[in-house]
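Report on one structure; see the data block that follows.
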Amino acid sequence: MTTHGYRTHDCNYLRKIDIGKTVTLAGWVNVTRDHGGVIFIDLRDREGLTQVVFRPEESAELAKRSHSLRSEDVIQVTGRVAPRLPGTENPKLPTGDIEVLPSEMSILNKAHDLPFQIDTDIHNEDLRLTYRYFDLRRPQLARNLRMRHAVTKATRDYLDSQGFIEVETPILSKSTPEGARDFLVPSRLTPGKFYALPQAPQQYKQLLMVGGVEKYFQIAKCFRDEDLRADRQPEFTQIDIEASFVRPEDIYALTEGMLAAIFKAARKIDIKLPFDRLTYREAVGKYGSDKPDRRFGMELVDLGEDFRASSFKVFRGALDAGGVVKAINAKSFALLTIGQSDELTEIAKTFGAKGLAFIKVEGGEWKSPIVKFFSDAEKNALKTKLNVEEGDLILFAADKWEVATEVLGRIRLRIAEMQKLIVDLTKLDFLWVTDFPLLQFSAEENKWNAVHHPFTRPKAEDVALLDEEKFSEVRAEAYDVVLNGVEIGGGSIRIHEPDLQDKMFGVLGISPQDRQSMFGHLLRAFQLGAPPHGGIAMGLDRLVMLVCGEESIRDVMAFPKNNRGMDLMSQSPADVDPRQLRDLGIKLAAGDARAPSGKESPPKK
RNA sequence: GGAGCCUUAGCUCAAUUGGUUAGAGCGCCGCCCUGUCACGGCGGAGGUUGCGGGUUCGAGCCCCGUAGGCUCCGCCA
């Protein structure tokens, strides 16, 4: 970018070759080193640092004024590029061979008392979020923003190269019954009615396929009114992709190519293609999770065959009831603390186990309350299958498949944290999880819900099961892409036939009237020449988080909200003027909502 | 809705496990310092230990409650 007046170069530009030039720089005072006589300033802009030196013998007046400079003042200096005195060069700085001797200096903006220092660690996230615009100057956040840009740019470039076009879809949209709670927007022009902010552009992207777009993508804002987490914000961004006349293989190849382009652009690394694939049954059976972290071992081992006729009632009973017996071997963890042991038991109970059976191998002995019930054959089976050695801790779960796998999966992850098993933090383990179940029974609602969403296609060979009402066995043409135990994207091939879609709505317990009022447009669209189609949505925030090595998506968003969904900087959500509510035909319920309390914010103009 | 951890100066943290006047570094203010690069030196200001209650001769520390923050479960793909 050319600059007119404010500066001639950025703060990471000048080198030896520029010595003698007269330049103008502008930026923030990073640090001052005031020697009483000579004063050094590290001037910072987003590109880097340049040392500026004020010397009384060059300009007494300037040197005097420079004493008042403090960190984060914004200044502009014009001066001569000079070599540093021999022996005072700074090899740590790219500009460390030179310095600027100003003949002019103006303070563009004075920084008053700082809420915290830019160059020190700060853990008070409350304070950081309140002064987010200030926190963004810290190198780490500045880097994250640029990394995010590199990711979205690589995404757009790659998808463009594959013939995809970016299409925007509405933010003011329609509430749908399935999925997360919607954010609602009252309509002034149709009082009493509401828009909903989109949880994802799902229906729109399918309708774009009906519209003949064939290859669509969008870097799309999505909104879900649910509780927050380190990796969940009420508004977040998806890389949303949909294509016509595709099979899962097409989506896999496209996604892998895109991720390769992203990691190449952002991190200059080549990721290994193609990704491994696990079915949902394999992933959960082996790792106790549908988003397995395979950067460490400790896999779940199935012991059903070995204990089918066991005299140990707990195991035998679980198997007789159609359940499973599984175990993990936490290598060299026999000496865990009481606290750790209690915590693991607590996890087991939280996720539905009655208890947590264990064997500690100490001094050549199997220390365990249950081992006395095992036959020699059973012990030998354990020893072989679990590779039991001195110092190991074996943990068992005997329950329904779903419970036993989840319990051990959660414990596996916690033990990996306790033992710090993930040593290589640069490792990237991508994989596909395929063949998800289509439906899941909700005991709470006493009905079947879509695991993915209601538009997901059942696998062709499982459609018959749908008619037989064997809902738990129906697999979906759906897939997730997982990186290091984090689900970074998911998608499916969709239903494009009105009768199949209608059948699906029926299974989900949506009445014929509701189908028409809520999805009539979609069903009609499917009667006007709908191509087979499918796609995927990638969680951009989570992806960038992993690219940056961060542990929270808040650190890769410019202006995130805190745990309670509040923006501490702008103090939103906030009261609104009563007139705004009146225009919308909204009355706050007395007592419940924090209705007008006398102390209101002044009316907006 | 539930569980865990946390809350001491503007920031990051200490406080000998219940003992006299709550300290340090950075930052801030003042003075000194002409080659530093986390410059240095001397001095100073800055605290209702989140808030409320209790136990005790005595509480930053123990107990109860409460607020806020973060992490997790529920919830959410």
*Look at R229(A) and rC70(B) and indicate whether a side-chain polar atom (N or O) is within less than 4.0 Å of OP1 or OP2.*
no
*Select base, sugar-phosphate, or nothing to describe what E89(A) touches, counting heavy atoms under 4.0 Å on all strands.*
base
*Nearest-angstrom distance from the residue atom NZ of K349(A) to C1' of rC73(B)*: 16 Å
*Is any N or O donor-acceptor pair between the side chain of N90(A) and the base of rC37(B) shorter than 3.5 Å?*
yes
*Could you please name the option among rG1(B), rA77(B), rC28(B) that lies closest to any side-chain atom of F436(A)?*
rA77(B)
_Below 30° counts as parallel, above 60° as perpendicular, anything between as tilted: where do the rings of F275(A) and F430(A) land?_
parallel
*Check every atom of rC76(B), rC37(B), rG1(B) against the side chain of R84(A) and return the nucleotide holding the closest atom.*
rC37(B)
_Any residue in residues 553-573 of chain A with a heavy atom nearer than 4.0 angstrom to RNA chain B? Just list them by number, or reply none._
R554(A), N562(A), N563(A), R564(A), M566(A)
*With rounding to whole Å, what would you report as the distance between rA45(B) and rC28(B) at their C1' atoms?*
9 Å
*Span that lies between the P atom of rA9(B) and that of rG54(B), in whole angstrom*: 25 Å
*When we call it a touch if two heavy atoms are under 4.0 Å apart, what does Q440(A) touch: a base, just sugar-phosphate, or nothing?*
nothing
*Test of ring centre spacing under 6.0 Å for Y479(A) and Y252(A)*: yes
_Length of the line joining I411(A):CD1 and rC73(B):C1', which is rounded to integer Å_ = 15 Å
*asked:* Is the terminal nitrogen or CZ of R281(A) (NZ for Lys, CZ for Arg) located under 6.0 angstrom from the six-membered ring centre of W401(A) and within 45° of that ring's axis?
replied: yes
*asked:* Need to verify one output field. Residue with the more 5' nearest nucleotide on RNA chain B, T350(A) or L93(A)?
replied: L93(A)
*Whole Å only: how far is the CD atom of E226(A) from the C1' atom of rG1(B)?*
13 Å
*Does the R475(A) side chain pair with the main chain of K459(A), one donor and one acceptor, at a distance under 3.5 Å?*
no
_Quick check for you: to the nearest 0.5 Å, what is the distance between D42(A) atom CG and R33(A) atom CZ?_
4.0 Å
*Should the pair E242(A)-K205(A) be classified as a salt bridge under the 4.0 Å nitrogen-to-oxygen rule?*
yes
*asked:* If I take atom CZ in residue R414(A) and atom P in nucleotide rC72(B), what distance separates them, rounded to the nearest angstrom?
replied: 12 Å
*Please say which of V151(A), L259(A), I262(A) ends up in a side-chain contact (heavy atoms from CB on, under 4.5 Å) with M538(A).*
L259(A)
*Can you tell me the Watson-Crick or wobble partner of rA3(B), both distances under 3.5 angstrom?*
rU71(B)
*In residues 118-135 of chain A, which ones come under 4.0 Å of RNA chain B, going by heavy atoms?*
D121(A), I122(A), H123(A), N124(A), E125(A), D126(A), L127(A)
*What string of B, S and - do you get for nucleotides 2-8 of chain B, 5' to 3', when a contact is any protein heavy atom under 4.0 Å?*
-------
*No-hydrogen, no-angle side-chain donor-acceptor test under 3.5 Å, S492(A) and R494(A)*: yes
*What nucleotide, of rA38(B), rU36(B), rG74(B), holds the atom closest to the side chain of F351(A)?*
rG74(B)
*asked:* Under 4.0 Å, heavy atoms only, any strand: does V451(A) hit a base, just the sugar-phosphate, or nothing?
replied: base
*Which nucleotide, in any strand shown, forms a Watson-Crick or G-U wobble pair with rU21(B), with both distances under 3.5 Å?*
none
*Using atom CG of D73(A) as one end and atom P of rC28(B) as the other, report the distance to the nearest whole Å.*
10 Å
_Option among N449(A), V451(A), L508(A) that satisfies the side-chain contact (heavy atoms from CB on, under 4.5 Å) test with L439(A)_ = L508(A)
*asked:* Taking rU20(B) as the reference, what is the distance to rG60(B) when you measure between their C1' atoms (whole Å, please)?
replied: 15 Å
*asked:* Reading RNA chain B from 5' onward, which residue's closest nucleotide shows up sooner: T88(A) or G490(A)?
replied: T88(A)
*Looking only at side-chain atoms of R70(A), point me to the closest of rG30(B), rC76(B), rU34(B).*
rG30(B)
*Strictly under 6.0 Å, is that where the ring centroids of H67(A) and F54(A) end up?*
no
*May I ask you to evaluate whether R33(A) reaches the phosphate of rC39(B), defined as a side-chain N or O under 4.0 Å from OP1 or OP2?*
yes
*Under-3.5 Å donor-acceptor pair between R232(A) side chain and rC76(B) base*: yes
_Is a donor from one side chain sitting under 3.5 angstrom from an acceptor on the other, for Y216(A) and Q218(A)?_
yes
*asked:* Within the 4.0 Å heavy-atom criterion, would you say G96(A) contacts the bases, only the backbone, or no part of the nucleic acid?
replied: nothing
*Rounded distance (Å) that lies between atom P of rU34(B) and atom CG of L85(A)*: 15 Å
_Could you tell me how far apart Y280(A) (OH) and rA77(B) (P) are, to the nearest whole angstrom?_
15 Å
*Interatomic distance at P, rG27(B) relative to rU21(B), whole Å*: 31 Å
_Could you tell me the Watson-Crick or G-U partner of rG50(B), where both distances fall under 3.5 Å? Say none if there is no partner._
rU66(B)
*For the pair R128(A) and D555(A), find out whether any cationic side-chain nitrogen is under 4.0 Å from an anionic carboxylate oxygen.*
yes
*Quantified in whole Å, what is the P atom distance between nucleotide rG47(B) and nucleotide rC62(B)?*
25 Å
*Check the geometry between F116(A) and rC11(B) and answer yes if their rings are stacked (centres below 5.5 Å, planes below 30°), otherwise no.*
no
*What interatomic distance, in whole Å, is found between P of rC13(B) and the corresponding atom of rC75(B)?*
35 Å
*asked:* How many whole angstroms separate atom CG of L49(A) from atom C1' of rU36(B)?
replied: 14 Å
_Stepwise side chain to side chain donor-acceptor pair (under 3.5 Å) test for Q140(A) and E550(A)_ = CA-CA 10 Å; Q140(A) 188 169 335; E550(A) 293 287 359; 2.5 Å; yes
*Are D541(A) and Q233(A) close enough that a side-chain donor and a side-chain acceptor fall under 3.5 Å?*
no
_P170(A) side chain near P201(A) side chain, heavy-atom distance below 4.5 Å_ = no
*asked:* When the C1' atoms of rG41(B) and rU36(B) are compared, how many Å lie between them, rounded to an integer?
replied: 15 Å
_Salt-bridge criterion met for D399(A) and K354(A) (N-O under 4.0 Å)_ = yes
*Determine if the base of rU34(B) is syn or anti; take syn to mean the glycosidic torsion is within 90° of 0.*
anti
*Looking only at N and O atoms, is any donor in the side chain of Q51(A) or the base of rU36(B) less than 3.5 Å from an acceptor on the other one?*
yes
*Report the base-pairing partner of rA9(B) (Watson-Crick or G-U wobble, both distances below 3.5 angstrom), or none.*
none
*Per D34(A) side chain, nearest of listed nucleotides rC33(B), rC28(B), rC37(B)*: rC33(B)
*Sort out the partner of rU34(B) for me: Watson-Crick or G-U wobble, both distances under 3.5 Å, none otherwise.*
none
*For rG2(B) and rG74(B), measure between their C1' atoms and round to the nearest Å.*
8 Å
*When all nucleic acid strands are considered with a 4.0 Å heavy-atom cut-off, which category describes Q199(A): base, sugar-phosphate, or nothing?*
sugar-phosphate
